[in-house]
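Convention: sequence-line order gives letters A, B, ...; per-chain numbering from 1.
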Amino acid sequence: GAGVSQSPSNKVTEKGKDVELRCDPISGHTALYWYRQSLGQGLEFLIYFQGNSAPDKSGLPSDRFSAERTGGSVSTLTIQRTQQEDSAVYLCASSLGTAGRSPLHFGNGTRLTVT
Amino acid sequence: GQQLNQSPQSMFIQEGEDVSMNCTSSSIFNTWLWYKQDPGEGPVLLIALYKAGELTSNGRLTAQFGITRKDSFLNISASIPSDVGIYFCAGRSRGGTSYGKLTFGQGTILTVHP
């Protein structure tokens with residue numbers, strides 16, 4: 001597609017429920033990234049994929065967070081047993097590769113609210 | 001881990017004024033990027049820098065990759081109301097499992113008064 005697409009754009013869930021956030025990267029981009037942005041804060045790295053593998057998942061806050069990528073394209077970020085502190089905007093980005101001259105292109109994010 | 005210190009945290013300026021913001025890092029980066037984020041949207045790339053000492057312009061925006069590879073600045077000349085938003089610096093380092101990811105600064109909130 002023309003840009004990185006994320007769905008849903010907004011998600012309200014009750015504490016304790018599981019949620020799945022989806023990211024469709026730009027066609028042909030092999031690298032995919034998930035970041036989290038809390039209100040008024042910078043971007044916190046969660047995980048990135050090169051193809052279908054995740055060389056760096058060091059930013060996942062806890063074992064309630066997991067992500068997968070299939071077919072070198074779509075990625076899903078899953079949060080189990082959501083907590084109120086999980087409320088944030090979850091941003092996905094993709095890049096042509098991970099080499100230096102491959103800037104990240106971001107989607108508009110999924111705003112998650114845990115009540 | 002890697003940390004980026006971005007300053008100032010916020011700026012309130014008059015239309016037509018020039019703006020300068022910068023980022024410093026505790027470690028070396030081989031790529032510096034500057035992004036702008038509008039409300040409800042994802043960050044959009046403004047300028048990319050790939051070489052120490054590089055000075056790059058994009059319209060009224062100018063950014064430089066510091067010689068030490070631990071800092072970068074962004075200047076905006078003759079600001080206009082649509083420059084309002086949050087500006088982020090981001091750095092990417094070489095090597096290891098962190099090779100691909102960007103580390104972001106905390107952002108500079110820019111307000112432009114007409």
Side-chain angles (χ1 to χ4, degrees), chain A residues 2-7 9-10 21 23-26 29-51 53-60 67 69 88-111, chain B residues 1-10 21 23 25 28-52 54 56 58 63 65 69 72 85-109:
Chain A
V4 177
S5 177
Q6 292 187 245
S7 61
S9 55
N10 282 283
L21 312 179
C23 174
D24 279 278
I26 293 172
H29 281 196
T30 61
L32 185 147
Y33 308 77
W34 284 99
Y35 283 81
R36 179 168 72 174
Q37 185 175 29
S38 300
L39 188 62
Q41 300 297 312
L43 280 71
E44 174 191 5
F45 170 79
L46 298 178
I47 186 172
Y48 93 91
F49 291 89
Q50 178 58 41
S53 63
D56 189 349
K57 52 181 77 172
S58 62
L60 294 178
R69 189 180 186 196
V89 175
Y90 289 81
L91 289 161
C92 176
S94 69
S95 65
L96 204 54
T98 56
R101 294 182 183 259
S102 299
L104 274 62
H105 300 270
F106 284 86
N108 286 331
T110 293
R111 180 175 298 278
Chain B
Q2 297 169 332
Q3 292 185 347
L4 285 184
N5 295 310
Q6 184 172 349
S7 63
Q9 288 186 324
S10 61
M21 58 193 79
C23 274
S25 168
I28 288 173
F29 288 115
N30 67 321
T31 300
W32 280 96
L33 305 171
W34 285 91
Y35 286 84
K36 181 189 179 210
Q37 186 176 29
D38 292 326
E41 298 184 6
V44 173
L45 181 68
L46 298 175
I47 291 183
L49 302 159
Y50 301 113
K51 186 177 177 181
E54 180 180 358
T56 297
N58 178 8
F65 190 143
R69 293 195 283 158
S72 177
I86 305 176
Y87 292 79
F88 291 100
C89 63
R92 172 185 267 156
S93 61
R94 198 189 289 274
T97 57
S98 64
Y99 184 58
K101 75 179 186 183
L102 288 181
T103 301
F104 281 80
Q106 291 302 303
T108 295
I109 302 171

query: In terms of heavy-atom proximity below 4.5 Å to chain A, should B/Gln37 be classed as side chain, backbone, both, or neither?
result: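 Contact with chain A involves the side chain of B/Gln37 alone.
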- request: Not counting sequence neighbours, which residues clear side-chain contact (heavy atoms from CB on, under 4.5 Å) with B/Ala63? List them please.
  value: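 Testing B/Ala63 for side-chain contact (heavy atoms from CB on, under 4.5 Å), a comparison that skips the adjacent residues, returns B/Trp34, B/Ile47, B/Leu49, B/Leu74.
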Using a 3.5 Å distance criterion without hydrogens, assess whether the side chain of [X] forms a donor-acceptor pair with backbone atoms of [Y].
X	Y	answer
B/Tyr35	A/Phe106	no
A/Tyr35	B/Phe104	no
A/Arg111	B/Gly40	no

field: Shortest non-hydrogen separation from B/Leu45 to A/Pro103 and the atoms involved
entry: CD2-CB, 3.5 Å
message: Looking at every heavy atom in both A/Ser102 and B/Arg92, which two are closest together, and how far apart are they?
response: O-NH1, 3.0 Å
- prompt: What's the spacing between B/Leu102 CG and A/Leu43 CG if we round to 0.5 Å?
  reply: 9.5 Å
- request: Quick one: do A/Phe45 and B/Thr103 satisfy side chain to side chain contact (heavy atoms under 4.5 Å, CB included)? Show the steps, please.
  value: CA-CA 7 Å; A/Phe45 170 79; B/Thr103 301; over 6 Å; no
- line: Under 4.5 Å to a heavy atom of chain B? For A/Leu91 that would be side chain
Interface moiety of A/Ser58 toward chain B, non-hydrogen atoms closer than 4.5 Å: side chain
message: Within a 6.0 Å radius of atom CD on B/Gln9, are there more than 12 heavy atoms belonging to other residues, nucleotides or ligands?
response: no
message: Test of understanding: with salt bridge (charged side-chain N to carboxylate O under 4.0 Å, His left out), list the residues that count as partners of A/Glu44, not counting sequence neighbours.
response: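 Partners of A/Glu44 by the salt bridge (charged side-chain N to carboxylate O under 4.0 Å, His left out) criterion, ordered by chain and then number, come out as A/Arg36.
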